[in-house]
Engineer: 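My structure is below; once you've seen it, I'll send some questions.
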There are 2 protein chains.
Amino acid sequence: MAGSEIRRNMPLFSIGIVMQLTDLSARQIRYYEEHGLISPARTEGKKRLFSLNDIDKLLEIKDMIDQGVNLAGIKQIYNVKKQQAAMTADEKKQAEKMQNELSDAELRKLLRKELLRAGRFNRNSQQGDLTRFH
Amino acid sequence: MAGSEIRRNMPLFSIGIVMQLTDLSARQIRYYEEHGLISPARTEGKKRLFSLNDIDKLLEIKDMIDQGVNLAGIKQIYNVKKQQAAMTADEKKQAEKMQNELSDAELRKLLRKELLRAGRFNRNSQQGDLTRFH
DNA sequence: AATTAAATGTTAGATTTTCTTACATAAAAC
DNA sequence: GTTTTATGTAAGAAAATCTAACATTTAATT
């Protein structure tokens, strides 16, 4: 599953298509980029080109937005995910301990407010559903 | 495999991307369309939007061109394919018989000239290879 | 070999899409 | 009741694509 990652990161789609596929406005998509949630590639002429992964992520974001999570929350979630992905198995155990003890105050506040608001969360697979497209 | 057909026919790609993916010039792509080999969708503003199937077909065309088949030959090949696809099993038997007897002169000429020029043909799977992209 | 036809390149001007920036507004947070 | 957040909207510029025409090269025909 090495080549598949490349393929899913290949910049292929113009913003117009992504709008249709995600039902997001151009404004929304650019705003999410502005806040670092996605980083679509660019053509020489600076037009955005989105990958399948970008679209997946936008669908995830849309889901979270629909569930009332604000951008700050979404950012934190991605930060957490990223850290976890970068951690080896036993680093994770360490982190779990830390999480339960002295995680920084702001993160705790956010996580409590955004994530623990009912079990509406993790209900669905961590991944935006793009199976209908390819 | 019903939905997958829909997905593969979904108009998603601008001509710029298709150029990169196929290594064909815009002129070539438009020329092949002009001659009915592909029929990409259009945006409201008349810009072409290509599907995965369109791209596959262009890769097939490119292969055939590279092998020295001219557009007339490619057209015939698609005509034959299309007919075959539209035929039921026993219609096919019928057709095989006919093929071996009284196919029209021009088609014979073309097929002999273009198709039977060595076994360079059918060497590769009938399908443009797009696996690297999705 | 000369001529015609097929396939592609190139250019020009028009149109469409996307870009950035700025201001406007509704909803949410404080 | 302000501020902040998320999104809408508009304007002007830049990029990508469009069609149509003519130019060039390669292949086929006579």
Engineer: With nearest nucleotides of DNA chain C determined for B/T43 and B/Y32 from heavy-atom distances, which residue corresponds to the more 5′ nucleotide?
Structural biologist: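 The residue whose closest nucleotide sits nearer the 5' end is B/Y32.
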Engineer: If I take atom NE2 in residue A/H35 and atom C1' in nucleotide D/dT5, what distance separates them, rounded to the nearest angstrom?
Structural biologist: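 From A/H35 NE2 to D/dT5 C1': 8 Å.
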Engineer: Looking at B/I17, is its backbone amide N or carbonyl O close enough to the side chain of B/Q20 to form a donor-acceptor pair, meaning the two atoms are under 3.5 Å apart?
Structural biologist: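 Such a contact is absent between B/Q20 side chain and B/I17 backbone.
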Engineer: Hey, is the side chain of B/S25 poking within less than 4.0 Å of OP1 or OP2 on C/dG9, counting only N and O atoms?
Structural biologist: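 Answer yes for this pair, as a side-chain N or O of B/S25 is under 4.0 Å from OP1 or OP2.
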Engineer: Would you say B/R27 reaches C/dT10's phosphate, i.e. side-chain N/O to OP1/OP2 under 4.0 Å?
Structural biologist: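 No, because none of the side-chain N or O atoms of B/R27 sits under 4.0 Å from OP1 or OP2 of C/dT10.
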Engineer: How do B/G45 and B/Q28 order along DNA chain C: which one's closest nucleotide is nearer the 5' end?
Structural biologist: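 Its nearest nucleotide lies further toward 5', so the answer is B/Q28.
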Engineer: Quick one: A/N70 CG to D/dT3 P, roughly how many Å, whole number?
Structural biologist: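 In whole Å, D/dT3 P and A/N70 CG are 21 Å from each other.
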Engineer: Dump the intermediate steps for side chain to side chain contact (heavy atoms under 4.5 Å, CB included) on B/K47 and B/R42, then the final yes or no.
Structural biologist: CA-CA 5 Å; B/K47 307 223 152 163; B/R42 298 285 183 135; over 6 Å; no
Engineer: Judged by atom type as modelled, is there a donor-acceptor pair below 3.5 Å linking the side chain of B/D54 to the main-chain atoms of B/S51?
Structural biologist: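 At least one qualifying donor-acceptor pair exists.
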Engineer: Rounded to whole angstroms, how far apart are CG on B/D66 and C1' on C/dT8?
Structural biologist: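 Taking CG of B/D66 and C1' of C/dT8, I get 14 Å after rounding.
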Engineer: Quick check on D/dT17: is either OP1 or OP2 less than 4.0 Å from any side-chain nitrogen or oxygen of B/S14?
Structural biologist: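 Answer is yes, contact under 4.0 Å.
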Engineer: How long is the line joining NZ of A/K75 and P of D/dA6, in whole Å?
Structural biologist: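 Taking NZ of A/K75 and P of D/dA6, I get 8 Å after rounding.
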Engineer: Distance to the ring centre below 6.0 angstrom and angle to the axis at most 45 degrees; does that hold for A/K57 and A/F50?
Structural biologist: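 Relative to the ring axis of A/F50, which defines the angle, A/K57 lies outside at least one limit.
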Engineer: Quickly work out the A/E44 CD to C/dT18 P distance and round it to whole Å.
Structural biologist: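 In whole Å, C/dT18 P and A/E44 CD are 18 Å from each other.
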Engineer: What's the CD1-C1' distance between B/I65 and D/dT26, to the nearest Å?
Structural biologist: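 For the pair B/I65 CD1 and D/dT26 C1', the rounded distance is 12 Å.
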Engineer: Which part of the nucleic acid, if any, lies within contact of A/R30, taking any heavy atom under 4.0 Å across all strands shown: a base, the sugar-phosphate backbone alone, or nothing?
Structural biologist: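 If one applies the 4.0 Å heavy-atom cut-off, A/R30 turns out to touch a base.
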Engineer: Within less than 4.0 Å of OP1 or OP2 of C/dT20, is there a side-chain N or O belonging to A/R42?
Structural biologist: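 A/R42 to C/dT20 OP1/OP2: side-chain N or O found under 4.0 Å.
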Engineer: Checking side chain to side chain contact (heavy atoms under 4.5 Å, CB included) for the pair A/I65/A/Y32: CA distance, chi angles, key distance, verdict?
Structural biologist: CA-CA 11 Å; A/I65 295 272; A/Y32 302 153; 3.9 Å; yes
Engineer: Rounded off to whole Å, could you give me the CG-to-P distance for the B/D23 and C/dT8 pair?
Structural biologist: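 Value for this atom pair: 13 Å.
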Engineer: Tell me: NZ of A/K47 to C1' of C/dT18, nearest whole Å?
Structural biologist: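 Answer to the nearest Å: 4 Å.
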Engineer: Any side-chain N or O of B/Y31 under 4.0 Å from OP1/OP2 of C/dT8?
Structural biologist: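 So the side-chain polar atoms of B/Y31 never come under 4.0 Å of the phosphate oxygens OP1 or OP2 of C/dT8.
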